[in-house]
Amino acid sequence: MELNWYAVYTKPRSERSFEKHSKLICETYLPMQQVRRKWSDRWKMQLWPLIPSVLFVRIHEEQRWELYNLPWMRRILSVEGRIKPVPEKDILVVRAVEKSRLPFEFTNERPLLGPGDRVVFNGGALIGQTGYIVSAKNGSKMFVQVPSLNGGFTVDIEHLAPDYSSHSTEEILALSA
């Protein structure tokens with residue numbers, strides 16, 4: 001029996017409680033990010049989940065029923081009604097995003113992309129990762145897709161220097177972080 005990663009959807013703002021109690025059952029991974037929040041009298045840096053209401057557990061598929069006994073759990077994320085493991089490479093993408101400390105924002109809305117918008121990072125914490133360029137009103141944004149989560153991360157890339165190059169039949173925009 002093989003241990004696989006699964007994405008778990010929790011009740012809002014219950015990620016830490018679920019992680020604390022599910023650690024007794026299995027290995028967990030709750031990606032976090034530093035977020036600057038305004039309080040009434042000052043700005044404060046706080047740790048918040050990178051993907052709201054989602055964390056990852058490494059379990060045998062049969063163990064999932066033990067997790068449903070925890071009051072903070074909603075469901076295991078599924079594709080077409082069937083739970084599917086999150087590939088290790090997608091966990092590595094999330095870990096790279098978390099480690100980079102860039103201002104990422106998770107979204108499950110896939111942007112409309114045209115041909116030639118594919119991006120590969122050739123430096124920095126996301127080296128080797130593929131994403132897509134999206135134009136925004138306030139500048140350029142990068143969308144790094146994580147297929148098993150049916151979504152991805154959006155990050156502002158104005159400070160990155162583009163380097164245009166052509167690879168096989170597809171135009172790839174390589175970014176140096």
Side-chain angles (χ1 to χ4, degrees), residues 1-10 15 18-19 22-23 25-34 47-64 67 73-134 140-157 160 162-163 165-177:
M1 230 186 265
E2 186 180 343
L3 288 173
N4 291 309
W5 285 104
Y6 294 92
V8 173
Y9 183 69
T10 66
E15 304 92 341
F18 181 85
E19 180 193 31
S22 64
K23 277 185 177 183
I25 300 168
C26 59
E27 180 181 352
T28 62
Y29 170 51
L30 177 58
M32 302 292 281
Q33 67 177 333
Q34 286 268 337
L47 273 178
W48 283 85
L50 186 63
I51 307 171
S53 297
V54 174
L55 67 117
F56 301 95
V57 295
R58 190 175 210 163
I59 57 172
H60 297 289
E61 191 175 338
E62 296 78 34
Q63 283 182 296
R64 71 182 187 271
L67 297 176
M73 178 155 166
R74 294 285 172 133
R75 61 188 165 89
I76 294 178
L77 295 180
S78 59
V79 177
E80 297 174 0
R82 300 176 61 186
I83 69 162
K84 293 192 177 179
V86 176
E88 187 73 32
K89 66 179 180 155
D90 290 350
I91 296 294
L92 294 175
V93 170
V94 175
R95 288 186 193 273
V97 167
E98 179 183 33
K99 185 179 177 184
S100 74
R101 297 182 183 233
L102 291 171
F104 282 96
E105 177 184 324
F106 184 80
T107 178
N108 59 5
E109 296 176 13
R110 184 180 169 131
L112 299 174
L113 303 170
D117 289 325
R118 189 164 157 230
V119 175
V120 176
F121 279 93
N122 63 11
L126 296 177
I127 190 166
Q129 301 301 325
T130 301
Y132 302 92
I133 293 295
V134 180
S140 297
K141 291 196 179 273
M142 166 89 179
F143 178 79
V144 180
Q145 187 173 13
V146 183
S148 63
L149 297 180
N150 197 23
F153 297 94
T154 304
V155 64
D156 190 353
I157 59 165
L160 300 176
D163 172 28
S165 59
S166 182
H167 297 278
S168 64
T169 60
E170 188 174 24
E171 184 94 5
I172 296 176
L173 175 60
L175 299 177
S176 300

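In what follows, residues are counted from 1 in the order of the sequence shown. Everything numeric here is computed off the predicted structure, so don't read it as measured data.
- With a 4.5 Å cut-off on side-chain heavy atoms, N4 and E61 do not count as touching.
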Exercise for review: Go through the steps for Q33 and V97 under the test side-chain contact (heavy atoms from CB on, under 4.5 Å), then give the verdict.
Suggested key: CA-CA 9 Å; Q33 67 177 333; V97 167; over 6 Å; no
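- The side-chain heavy atoms of Q34 and L47, taken from C-beta on, include a pair separated by under 4.5 Å.
- With sequence neighbours left out, R58 forms a salt bridge (Lys or Arg N to Asp or Glu O under 4.0 Å) with E27, E88.
- From W5, atom CH2 reaches atom OG1 of T28 across 7.0 Å, with rounding to the nearest 0.5 Å.
- To the nearest 0.5 Å, atoms OG1 (T10) and CG (L55) are separated by 6.5 Å.
- Shown here for F18 and M73, the closest heavy-atom pair between the two residues is CE1-CB, 3.6 Å.
- The side chain to side chain donor-acceptor pair (under 3.5 Å) search around E98 returns Y29, not counting sequence neighbours.
- Residues passing the side chain to side chain contact (heavy atoms under 4.5 Å, CB included) test with P49, sequence neighbours excluded: E15, L30, M32.
- Between the CD atom of Q63 and the CG atom of L3 there is a distance of 7.0 Å, given to the nearest 0.5 Å.
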Exercise for review: Mind running side-chain contact (heavy atoms from CB on, under 4.5 Å) on C26 and L67 for me, showing each step along the way?
Suggested key: CA-CA 9 Å; C26 59; L67 297 176; 4.1 Å; yes
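- At least one side-chain heavy atom of V94 sits less than 4.5 Å from a side-chain heavy atom of F56.
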